[in-house]
Structures are given as C-alpha cells and as structure tokens.
Amino acid sequence: MSVLAGVRAAIIDLDGTMLDTIPDFHVAINGMRAELGLGPITQEQIALMVGKGSENLIRSVLALDWDESRIEAAFAQAMDAYQRHYLSINGNYSTLFPQVIEGLSAMKAQGLRLACVTNKPISFTTPLLKLKGLSEFFEVVYGGDSLPRKKPDPLPLQTVCADFDLPPSQVVAIGDSSNDAQAARAAGCPVLTVPYGYNHGESIHETDSDGIVGTLLEAASLIRSHHTNS
Ligand SMILES: O=C(O)COP(=O)(O)O
Ligand SMILES: [Mg+2]
C-alpha cells in the first residue's frame, strides 16, 4: 500500500471511529422527540442517520413522522431541544472503541501529527474529547460548524493540511463512513476506514478506501510498516 509511504500526519474522525456515540444520540434525540410529542426511536434507526451533522440528523429524525412543511415549522424548536438534551448528557452514555487510546499513542510515538475532524458541532466535540481523555492527542480539532463546509466537502481536510504545512499525500484520513472517504479523495489524502462505525447502512466494503483497519492500533501499525523516512 504505497500510498501510505511518507505519511506524516493523520486526520481522525470522531463518531463511529473513536467513540461509539449512538447511545448519547439516542438519549438526546428521544428527549427532543418527547418534547415535540413524538414517540421514541431505536439506536439502530439512529445509526443509519448519523454522520452528516446535526441539521441533517434532526431533519431525518423528524421525517420519520412529519412531512416537509411540518418539519420546517418546528425545526428551530427541535434543534434547540436536541442541543439542550445533548449537551446535558454529552459523553455519559458513549464509550471508546477498542484500542483507540493505544492507536493514538502509537501514532504519536511514531511522530505523526494528529488532527480530529468531525461533523459533530464543535460545542459538543470539545467537551466530549476532554471527558474521554482524547484532547491531548490532537493539535487541531474542527467540528462540523467550524468551517464554511463540512465533510464530504474536502475543506476541513484541506485546512488541516494547510495548518500542518503538509501536502495532502502526506496526510492520511481515518474514518468510518463514505463522508470521510469522499472528503479524503476530493482533498487528495490517502484514506483508511474502520468497519465498526456508522456508514449510513452500507457495508464499509462499498466505500472507496486504501485499506480497512480493524482498530486505530492496526492503522498505526500499517502506517509504520509503510513509512519510508523520506
Ligand atoms: O455528528 C455527526 O454527524 C457525525 O460526525 P463524525 O464526522 O464524527 O462521524
Ligand atoms: Mg464518523
């Protein structure tokens, strides 16, 4: 996998890659739905909708019951309720996927610079990274509302490359969904995918990537094994 030769930095996705946040989304969304007089939905339903930021998520969740005009009329209230519920439980029900800390530690030890790029709003992301002991690994963190466009647009990845003063070919993106892969391809970054996250109900094998890794520790080993010291 020669595309990984010369990689000097990694951009890591958050939801579905480092943290299993579906239980947090579940509590917050059902709290919001209850306020709007709607019944609870399941974690499995929610896992199909996560990955394209809060607005897309809330629209999808309301579209289970309501038509376009009803959604539009209640959207501001729904977003407000969702954000309030999410911030009140942020991180309480979510867990680290296996070998995330080990993988990030190994990448750091290999001299890789690390950034976190997520479509989660930055006001949710910053406290969550801190609570889970992840903040210290990242020089740069961008949320879904930190920049004018979010993944699958390449802008957040391009911005990290510029921050690190590295060409995209030397910055690998690691994520769980086609959003991450599309953003990486459009930016010119190599991409690795994990199979355990949320890929809109599609198999990760359908997603264009340079390799599927079982854990972030496996990603670190793969990057090291291709390193050329160039
Ligand atoms: O909140 C989301 O839409 C998911 O964000 P992610 O980019 O960390 O997977
Ligand atoms: Mg993700």
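First listed ligand is number 1; within each ligand, the first listed atom is number 1. Bear in mind the structure is a predicted one, so any value in this text is a computation, not a measurement.
Between Asp20 and Tyr198, the side chains place a donor N or O and an acceptor N or O closer than 3.5 Å (distance only, hydrogens not considered).
Take the N/O/S atoms of Asp176: the one nearest the Mg ion (ligand 2) is OD1.
Within 4.0 Å of ligand 1, heavy atoms belong to protein residues Asp13, Leu14, Asp15, Phe25, Val50, Gly51, Lys52, Gly53, Thr118, Asn119, Lys120, Lys151.
Separation of the Phe25 and Tyr93 ring centroids does not fall under the 6.0 Å cut-off.
Taking 4.5 Å as the limit, some side-chain heavy atom of Val172 sits within range of a side-chain heavy atom of Leu4. Proximity of Ile101 to Phe137: side-chain heavy atoms (C-beta onward) are separated by under 4.5 Å at one or more points. Looking only at side-chain heavy atoms (C-beta outward), Met49 and Leu64 come within less than 4.5 Å of each other. Ile204 has its side chain out of reach of Val194: every pair of non-hydrogen atoms, C-beta onward, lies at least 4.5 Å apart.
For the pair O of Asp15 and OD2 of Asp13, the angle at the Mg ion (ligand 2) is about 80°; rounding is to 10 degrees.
Among the backbone and side-chain atoms of Asp180, none of the N, O or S atoms lies under 2.8 Å from the Mg ion (ligand 2).
In this structure a side-chain-to-backbone donor-acceptor pair under 3.5 Å is missing from Lys151 to Asp13.
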